[in-house]
Amino acid sequence: MSDCIFCKIAAGEIPCRKLYEDDEILAFHDAVPQAPVHFLVIPRGHIRNIMETGGPGGAALLGRLLYKAQELAVEQGCGERGARFVINCKSDGGQTVDHLHVHVLGGRPLGWPPG
Ligand code: 5GP
Ligand code: ZN
């Protein structure tokens, strides 16, 4: 989608600190990290949020996003102490960028429950 910041990152029109990419998904460091490790895993295609993954291939795509998220979390040094895997959805979920993304946060203890 032309005015979506994550579509522009996926298209290489906005730079990012890339961790991984393939035909279907992309991972890059968050621009405003909330922990020593904080990166995002996104589909290349414009899907607005997790509640819009109901079409063909949606379950497989979600599986791939989460599987890659945990692989990269281990690569980023979170294998021993763990990490937080978060998908914010719409306004109550705190989503600010309307392109599906998995946050991975680690490198410090994280509080719970969220505020
Ligand atoms: P949300 O609040 O939608 O779950 O998370 C959006 C995330 O995207 C935020 O953590 C924010 O820092 C990150 N973000 C927003 N714009 C950019 C950008 O241009 N580049 C990168 N790398 N991260 C961004
Ligand atoms: Zn998009």
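Just so you know, these numbers use all the heavy atoms, side chains as well, and skip hydrogens, waters and symmetry mates.
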- [ ] With sequence neighbours excluded, tell me which residues meet salt bridge (charged side-chain N to carboxylate O under 4.0 Å, His left out) with Lys8.
- [x]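 If we apply the salt bridge (charged side-chain N to carboxylate O under 4.0 Å, His left out) test to Lys8, skipping adjacent residues, there are no hits.
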Hydrophobic clusters here meaning ILVMFWY residues chained together by side-chain heavy-atom distances under 4.5 Å, can you tell me if [X] and [Y] are in one?
X: Val37; Y: Leu40; result: no
X: Leu66; Y: Phe39; result: yes
X: Ile42; Y: Ile87; result: no
X: Tyr20; Y: Val74; result: no
X: Leu110; Y: Val104; result: no

Task: ring-ring contact (aromatic ring centres under 6.0 Å, His included) partners of His38, counting only residues at least two apart - done: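 Partners of His38 by the ring-ring contact (aromatic ring centres under 6.0 Å, His included) criterion, ordered by chain and then number, come out as His103.
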[X] [atom1] to [Y] [atom2] distance, which is reported to the nearest 0.5 Å:
X: Asn49; Y: His99; atom1: CG; atom2: NE2; value: 11.0 Å
X: Leu72; Y: His29; atom1: CG; atom2: NE2; value: 9.0 Å
X: Leu100; Y: Glu52; atom1: CG; atom2: CD; value: 9.5 Å
X: Cys4; Y: His46; atom1: SG; atom2: NE2; value: 5.0 Å
X: His101; Y: Asn88; atom1: NE2; atom2: CG; value: 6.0 Å
X: Glu75; Y: Gln70; atom1: CD; atom2: CD; value: 10.0 Å

TODO: Identify whether the distance between the nearest side-chain nitrogen and carboxylate oxygen of Glu24 and Arg44 falls below 4.0 Å.
DONE: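 Not counted as a salt bridge, because no side-chain N and carboxylate O are separated by less than 4.0 Å.
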TODO: Would you check if the side chain of Arg84 reaches a backbone N or O of Pro109 as a donor-acceptor pair within less than 3.5 Å?
DONE: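 No: the side chain of Arg84 does not pair with the backbone of Pro109.
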Open item on the list: When you measure from the side chain of Arg108 to the backbone of Gln34, do you find a donor-acceptor pair of N or O atoms at a distance under 3.5 Å?
Closed with: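 Here the side-chain-to-backbone pair exists.
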Minimum heavy-atom distance between [X] and [Y], given as atom pair plus value:
X: Phe28; Y: Cys16; answer: CB-SG, 3.7 Å
X: Leu26; Y: Ala10; answer: CD2-CA, 3.6 Å
X: Pro36; Y: Gly107; answer: CG-O, 3.5 Å

Task: Chi angles and distances behind the salt bridge (Lys or Arg N to Asp or Glu O under 4.0 Å) call for Asp22, Arg64 - done: CA-CA 11 Å; Asp22 62 31; Arg64 284 215 64 216; 2.6 Å; yes
- [ ] Test side chain to side chain contact (heavy atoms under 4.5 Å, CB included) on Leu61 and Ile25 and set out the steps.
- [x] CA-CA 9 Å; Leu61 175 64; Ile25 68 182; 4.1 Å; yes
- [ ] I would like to know whether Val86 and Val102 meet side chain to side chain contact (heavy atoms under 4.5 Å, CB included); could you show each step before the answer?
- [x] CA-CA 6 Å; Val86 175; Val102 181; over 6 Å; no
Task: Residue pair Gln76, Leu19: steps toward the side chain to side chain contact (heavy atoms under 4.5 Å, CB included) verdict - done: CA-CA 10 Å; Gln76 291 296 301; Leu19 280 168; 3.2 Å; yes
Open item on the list: Could you walk me through whether Asp98 and Gln95 satisfy the side chain to side chain contact (heavy atoms under 4.5 Å, CB included) test, starting with their C-alpha distance in whole Å, then the side-chain angles of each, then the deciding distance to 0.1 Å, before giving a yes or no?
Closed with: CA-CA 7 Å; Asp98 289 331; Gln95 185 174 9; 3.8 Å; yes
